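The next block holds one structure in the form of structure tokens; read it before the comments.
In what follows, chains carry the letters A, B, and so on, assigned in the order in which the sequence lines appear, proteins first and then strands, with residues in each chain numbered from 1. Treat the numbers as computed from the prediction; the structure is a model and nothing was measured.
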Number of protein chains: 2
Amino acid sequence: MTKSSKVTAYSQVKEMIKESILSGEIPAGARITIAEITERYGVSQMPVREAFQILQGEGFIELLPHKGASVKSLTPEYLRNIYEIRGVIEGLLARRSMPNLTLSGLNRLKEINGQMEAMIQSGIRADEIVQLDREFHTAIYASSNNPEALQIYEKYVGLISSLRKKFGYGDNRVDNIVSQHWKIIEALQNQDAEALEKVIHLHSEGAKLDLLALMSS
Amino acid sequence: MTKSSKVTAYSQVKEMIKESILSGEIPAGARITIAEITERYGVSQMPVREAFQILQGEGFIELLPHKGASVKSLTPEYLRNIYEIRGVIEGLLARRSMPNLTLSGLNRLKEINGQMEAMIQSGIRADEIVQLDREFHTAIYASSNNPEALQIYEKYVGLISSLRKKFGYGDNRVDNIVSQHWKIIEALQNQDAEALEKVIHLHSEGAKLDLLALMSS
DNA sequence: CAGTGGTCTAGACCACGGG
DNA sequence: CCGTGGTCTAGACCACTGT
């Protein structure tokens with residue numbers, strides 16, 4: 001490690017490996033050896049092993065006893081599965097957040113979605129859309145008072161965001177996102193739980209289909 | 001460790017600690033030191049630390065850098081949160097399992113629920129009810145084809161089961177369980193996704209209220 | 001029946017909290 | 001400012017794979 005510091009080596013190693021995976025530097029399905037990492041970052045085995053265990057818990061790698069670590073491969077089935085999970089978790093988060101959402105929170109949502117709308121005119125950049133979309137949803141779910149659910153959401157959203165940056169968006173997906181966001185805002189304003197949950201599921205389903213189509217083409 | 005074997009030390013240590021937590025031997029909120037475990041099981045620090053990381057990933061303990069491990073305390077808020085998560089995940093699992101459920105699978109469900117019904121007559125034993133209830137739900141969700149969701153479900157069901165064995169069930173909770181199970185079977189038989197999801201949520205909600213009431217009394 | 005690489009031990013290091 | 005206990009290093013051990 002660069003210098004002695006207060007943060008632990010294993011958490012730094014964990015973050016660095018995570019970065020490498022999300023950026024695509026270490027491709028899905030690739031094997032990672034302990035030796036590789038110890039050499040690269042100048043640490044010994046133990047912090048690497050701890051980092052591996054954490055990353056396995058977070059769903060980024062797979063760890064087989066006596067066989068080593070490999071980056072979880074993002075098969076269509078796996079993606080479909082985690083989209084489904086994310087969908088129902090988002091429904092829960094939205095439902096729980098609705099009563100706690102403040103007026104200024106609602107304005108923040110309108111602002112973010114306005115920015116997205118503006119971006120469509122001036123040419124779409126996938127990574128910025130990803131960023132704004134995440135902010136939009138995070139702004140809603142922050143008031144859910146269910147940190148455990150939020151953690152599951154963030155785990156999967158991180159995995160999927162990296163793919164978005166790589167594959168971008170389908171033809172009119174971004175338009176759909178923006179219009180669905182307006183509907184979400186409307187449902188929140190009306191405190192209409194049923195409508196809200198319906199739009200959220202639609203939103204998630206659309207995202208899944210769009211990404212899967214892009215990946216298979 | 002007892003003897004050299006093919007399974008890893010850290011996985012054995014992990015299982016043993018997990019047992020101790022679920023059995024209540026190590027109470028919620030208690031601190032666990034590495035030295036304690038190394039001494040008790042005759043291993044060195046590294047496998048213990050790996051076990052800790054895994055247990056943190058599974059939600060059983062909390063790990064603070066430079067401060068150590070403590071068993072996650074089961075506050076009412078935390079329980080409410082994980083019941084909510086379990087509820088929506090179960091809804092998802094049930095919905096996805098329905099089309100894949102075989103006739104013999106359905107008969108198995110009827111059989112299990114019949115056993116539960118019989119048990120009510122001959123006096124209720126909490127740990128056996130817990131066991132049968134778990135079997136019932138597992139029998140449904142096995143055909144969900146979504147192992148990731150199943151994993152989340154099992155993580156939380158393990159935590160909650162241990163509490164059930166400790167606190168038992170409220171007055172007519174067991175009757176409710178059995179009658180709701182029949183309704184679940186009926187919905188599965190009719191391939192009625194909407195009814196199914198409704199019962200599942202009712203089931204989950206009832207379980208949550210019952211347990212929270214028992215714990216606060 | 002080697003070589004590779006994951007797993008484990010022993011002990012040093014050092015952050016943190018109480019006196 | 002010392003003690004406790006979490007963190008890290010170096011190196012040995014041994015399960016697994018392919019030759």
Whole-Å distance, A:Leu63 CG to C:dG5 P, equals 16 Å
Map B:Ser44 and B:Pro65 onto DNA chain C by nearest heavy atom, then report which one ends up closer to the 5' terminus.
B:Ser44
Rounded off to whole Å, could you give me the CZ-to-P distance for the A:Phe52 and C:dG6 pair?
7 Å
Compare the minimum distances between each of D:dT9, D:dC8, D:dT7 and the side chain of A:Ala9, then state the nucleotide with the smallest one.
D:dC8
Whole-Å distance, A:Ile34 CD1 to D:dT9 P, equals 13 Å
Taking everything shown except B:Gln151 itself, do over 12 heavy atoms lie less than 6.0 Å from its CD?
no
So, A:Glu135 versus A:Gln131: side-chain donor-acceptor pair below 3.5 Å or not?
yes
Is A:Arg31 close enough to C:dT4 that one of its side-chain N or O atoms is under 4.0 Å from OP1 or OP2 there?
no
Among A:Leu109, A:Ile200, A:Asn113, which residue meets the side-chain contact (heavy atoms from CB on, under 4.5 Å) test with A:Ile184?
A:Ile200
Whole-Å distance separating the CD atom of A:Gln12 from the P atom of D:dT7:
13 Å
The side chain of B:Tyr10 is closest to which nucleotide in this list: C:dC8, D:dT7, D:dT17?
C:dC8
Walking DNA chain D from its 5' end, the first of A:Lys67 and B:Met46 to be reached, judged by nearest nucleotide, is B:Met46
Going by heavy atoms in the side chains, are A:Asn81 and B:Pro147 under 4.5 Å from each other?
yes
Whole angstrom value for the distance that separates P of D:dA15 from CG of A:Leu64:
18 Å
Considering only side-chain heavy atoms of B:His66, which listed nucleotide, C:dA15, D:dC16, C:dC8, is closest?
C:dA15
Which residue in the set B:Lys72, B:Lys18, B:Lys155 passes salt bridge (charged side-chain N to carboxylate O under 4.0 Å, His left out) when paired with B:Glu58?
B:Lys18
Under 3.5 Å, is there any donor-acceptor pair linking the side chain of A:Gln45 to the base of D:dG11?
yes
Measure from CD on B:Gln53 to P on C:dT7 and round the result to the nearest Å.
15 Å
Nucleotide nearest A:Glu50 when distance is taken to its side chain, options C:dT7, D:dC8, D:dG6
D:dC8
How many Å lie between CD1 on A:Ile32 and P on C:dG5, as a whole number?
14 Å
Tell me whether the OP1 or OP2 atom of C:dG5 has a side-chain N or O from A:Arg49 closer than 4.0 Å.
no
